[in-house]
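Following: one structure in structure tokens, then a few remarks.
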Amino acid sequence: MLKDTYCGDLRAADAGRTVRLAGWVHRRRDHGGLIFIDLRDSHGIVQIVLSPDQAEAHEAAHRARTEWVLAVEGEVRPRSAATINPNIPTGEVEVVPARVEVLSEAQTPPFYINEPVEVDEQLRLRYRYLDLRRPEAGNIIRLRHEVVRYIRDFLSDRGFIEVETPTLIKSTPEGARDFLVPSRMRPGQFFALPQSPQILKELLMVAGVEKYFQLARCYRDEDFRANRVAEHTQLDLEMSFVDEADVMGLVEELYTGIAQRFGGGRPIASTPFPKLDYFDCMDRYGIDRPDLRYGLEVVNIADTVRRSEFKVFQDALANGGEIKAIRIPGQAGMTRREIDHLTETARSGGARGLAYIGFTGDELRSPIARFLSESEVNAIRTVTGANDGDMVVIVADQADVVAKSLYEVRDALGTSLGLKNQDQLSFAWVTGFPLLEWRPDEERWDATHNPFSGFREEDRHLLDTDPGKVIARQYDLTLNGSEVGGGSIRISNRADQERILAMMRHSPEQQRERFGVLLDALEFGAPPMGGVGMGIDRLMMSLVGTENIRDVIAFPKASSGTDPLMSAPSPVDDAQLRELGLRLIG
RNA sequence: GGCCCCGUGGUGUAGCGGCCUAACAUGCCACCCUGUCAAGGUGGAGAUCGGCGGUUCGAAUCCGCUCGGGGUCGCCA
């Protein structure tokens, strides 16, 4: 090794040691006589001091520029009291080199590495290897390693084995669009990249593995978002002979440990994690992954205004809809502009408008008050618990529109009122999901999560009479309002699996073609089984407090779906295409 | 695919019809400088304003198209 010590590791106790350091010039302060160089490596930064006495070293330091790579050999010296820098961990010492060697020179970087300035993301991605030198960026990748290592240790200690599954698998036209890989040896045929190792992990259970996990790369060929990329990493895990409580308990212990160790001291809002029912969630938050860091719960006020004159309310109820409200404490005086903005937000959720009542002492601030009797207003006030100074906003429409609109309103308020406390990790389980939902356009049932989720035995009879009422043995984990993972106890017998697939309008031929392997395997002694897929990227986003999923990935694709670093995708030679039996059209 | 926002020296921004021969900060280069840590001082180089076309006496500034980027809806678990 050219070095025996990391720059960032030096402390007062190292004073007097002779060390060999190597790293990058973070910053240089050349006083003509004295030269200070902040030398940076993967552990941090330490100050190097060069006086003109050591002519050769001084000369090298004088030539050196930002991001040059230097090897330094010298003595660690305590700094005098007046020159201690309390802002950096190594600030009590500095290194006085006898020798400075330039290992590599460097062009001026295209953006600042030594200052946290917001730079165009494409430029950063194109030079990601420089971007990652920025401690703020690189430390996320290092933290990710620690988290992943913790996961591996945790599960290994509990008898899990990590098994790799293939990256080239069979395409199933279910769910998201597959990435396809043409087969050279079978021209005209294609592999798909896995959207998750779902079937394979169930086969591992049939294989008697009992406890499996994998940090699996999952691929979906869909458009990107701030928190969505084409390839993401999931902690994929499956266990035999378990029920919901076993899997949820294990995941909860794991995630509590991760949050405590890597959450930067941020408290977990509640342990054990709250368990919410899906229908309850939809009722109170309008969404199945509520952000529990703040209140602003949705209240049903249909009963209080059932006999109201107000046509909007009448129509909604006459058409089988709902009327719900959110009480916003202390916001009766919000500006016209803010109200308009909230109304716009509600409209984006499908609502035609947003009614409001501001309780400002004796007066009511409300365009709809004249359609309501005094007792109705009082009833609304009682049901919502509104005090003087509170604002109540109301949406009346079909249930799904009310839910979506008020979810959007609540979410917007959470942001604008500063209620999304970044210093809190608020986990919650959501269970009790419907197994199936009706697709009117396709006239078939579809799985709400995945077609292998089991269902409550007591709901079995409903499969014939009212399939939409069947509750799945599904559980999702949410963190600060985003879904960080989910799983289920699986169907583990062929008859049930075939029955569900049939309800989803898979013909027996399609079932054999697409899921034959699994169906067969379920006939050879399949154990009861269940597991989860946990999104590692989103977990890391929460741990480091970023909105951008690309921050937690070493070499991410840009939002456009391209790779500015490698310039991918790119055209290929005709010869390559020919070999694959492909020809480009258009 | 729809909608919204952005595109000015290396980087981050200002300028939004003529005062722009494009400003500021930082970075870069040179010189001065022995205790700085965003070192300081002096001087200097560096962008025709994403591209194309149009309106106008005159366009970084207005209009159209286009390319690139970001966000969002659709899509996606």
Side-chain angles (χ1 to χ4, degrees), chain A residues 26-40 45-53 58 62 65-67 77 79-88 90-92 94 96 106-127 130-131 134 174-178 195-196 198 218-230 232 234 288-289 344-345 347-350 404 408 430 433 446-451 453 474 476-478 482-488 532-535 537-538 547-550 557-562 564:
Chain A
H26 189 67
R27 224 183 271 279
R28 187 180 63 112
R29 292 175 294 280
D30 189 340
H31 290 219
L34 274 188
I35 300 174
F36 299 95
I37 286 179
D38 292 338
L39 197 65
R40 184 191 66 236
I45 292 169
V46 73
Q47 174 165 284
I48 313 294
V49 193
L50 298 115
S51 82
D53 311 345
H58 188 267
H62 181 70
R65 291 291 182 270
T66 305
E67 298 308 319
R77 191 171 72 180
R79 298 201 199 182
S80 71
T83 60
I84 284 174
N85 182 352
N87 301 317
I88 58 174
T90 62
E92 289 183 67
E94 58 195 7
V96 185
Q107 286 184 32
T108 303
F111 50 82
Y112 298 102
I113 289 169
N114 51 17
E115 275 182 60
V117 175
E118 194 112 337
V119 180
D120 175 68
E121 194 175 11
Q122 202 184 19
L123 188 70
R124 281 176 43 204
L125 294 183
R126 189 166 149 220
Y127 294 97
L130 296 180
D131 192 34
R134 293 169 43 240
E174 284 295 307
R177 202 176 291 119
D178 281 329
Q195 296 182 23
S196 82
Q198 182 65 38
C218 302
Y219 304 88
R220 294 195 304 266
D221 189 5
E222 300 291 350
D223 288 0
F224 290 20
R225 284 291 183 283
N227 64 355
R228 223 165 68 193
V229 279
H232 74 281
Q234 122 180 352
D288 61 1
R289 45 177 172 82
E344 219 27 65
T345 302
R347 287 215 174 95
S348 75
K404 180 129 199 293
E408 299 284 356
V430 181
F433 293 89
D446 195 12
T448 59
H449 282 78
N450 80 46
S453 290
Q474 169 80 28
D476 280 2
L477 184 65
T478 68
S482 91
E483 188 192 322
V484 292
S488 65
V532 286
M534 307 298 297
D537 306 279
R538 286 189 186 171
E547 303 273 291
N548 185 346
I549 196 167
R550 280 158 247 134
K557 304 278 180 289
S559 159
S560 53
T562 61

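Within every chain, numbering begins at 1; the chains are lettered A, B, ... in the order of the sequence lines, protein sequences first and strands thereafter.
Listed nucleotides: B:U36, B:C29, B:U72. Nearest to the side chain of A:Ala226: B:U72. In the set B:A77, B:U36, B:U11, B:U36 carries the atom at the smallest distance from any side-chain atom of A:Arg79. The nucleotide whose nearest atom lies closest to any side-chain atom of A:Thr108 is, among B:C28, B:G69, B:C37, B:C28.
In this structure, A:His31 does not count as stacked on the base of B:G35 under the 5.5 Å centre distance and 30° plane angle limits.
Using atom C1' as the reference point in both B:C28 and B:G68, the two lie 27 Å apart (nearest Å). Nucleotides B:C33 and B:G43, compared at atom C1', are 15 Å apart to the nearest Å. For the P atom pair drawn from B:G50 and B:G9, the interatomic distance equals 8 Å after rounding to whole Å. For B:U48 and B:U61, the P atoms lie 15 Å apart once the distance is rounded to whole Å. With C1' as the reference atom, B:G18 and B:G74 are 46 Å apart, rounded to whole Å. Taking the C1' atoms as reference points, B:U66 lies 31 Å from B:U21, given to the whole Å. Going from the C1' atom of B:G17 to that of B:C76 covers 46 Å, rounded to whole Å.
Note: CD1 (A:Ile84) to C1' (B:U36) measures 15 Å, nearest angstrom. Between A:Asn227 atom CG and B:C73 atom P the separation is 9 Å, expressed in whole Å. As a whole-Å value, the separation of A:Arg28 CZ from B:A38 C1' is 15 Å. We find that NE2 of A:His232 is positioned 10 Å from P of B:A77, with the value rounded to whole Å. When rounded to the nearest whole Å, the span between NZ of A:Lys404 and P of B:U72 equals 13 Å. Atom C1' of nucleotide B:U26 and atom CZ of A:Phe111 are separated by 16 Å, given to the nearest angstrom. B:A25 atom P lies 15 Å from atom CD of A:Glu115, rounded to whole Å. Atom CG of A:Leu123 is separated from atom P of B:G7 by 16 Å (rounded to the nearest Å).
A:Gln122 comes within contact range of the sugar-phosphate backbone alone, with a heavy-atom separation under 4.0 Å but no base atom that close. The residue A:Thr66 sits close only to the backbone: its heavy atoms come under 4.0 Å of sugar-phosphate atoms, none of a base. Looking at heavy-atom distances under 4.0 Å, A:Arg225 makes contact with a base. Across all strands shown, A:Ser559 has heavy atoms under 4.0 Å from sugar-phosphate atoms exclusively, and none from any base.
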side-chain hydrogen bond (donor to acceptor under 3.5 Å, both in side chains) between A:His58 and A:Asp53, intermediate numbers included: CA-CA 8 Å; A:His58 188 267; A:Asp53 311 345; over 6 Å; no
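Ranked by how close their nearest RNA chain B nucleotide is to the 5' end, A:Asp38 and A:Gly175 are led by A:Asp38. If you find the closest nucleotide of RNA chain B to A:Gln195 and to A:Pro52, the one lying nearer the 5' end belongs to A:Pro52.
The base of B:C76 sits with one of its N or O atoms less than 3.5 Å from a complementary donor or acceptor on the side chain of A:Arg228.
Side-chain contact between A:Phe111 and A:Asp131: present, with at least one pair of heavy atoms (C-beta onward) separated by less than 4.5 Å. Looking only at side-chain heavy atoms (C-beta outward), A:Val49 and A:Leu34 come within less than 4.5 Å of each other.
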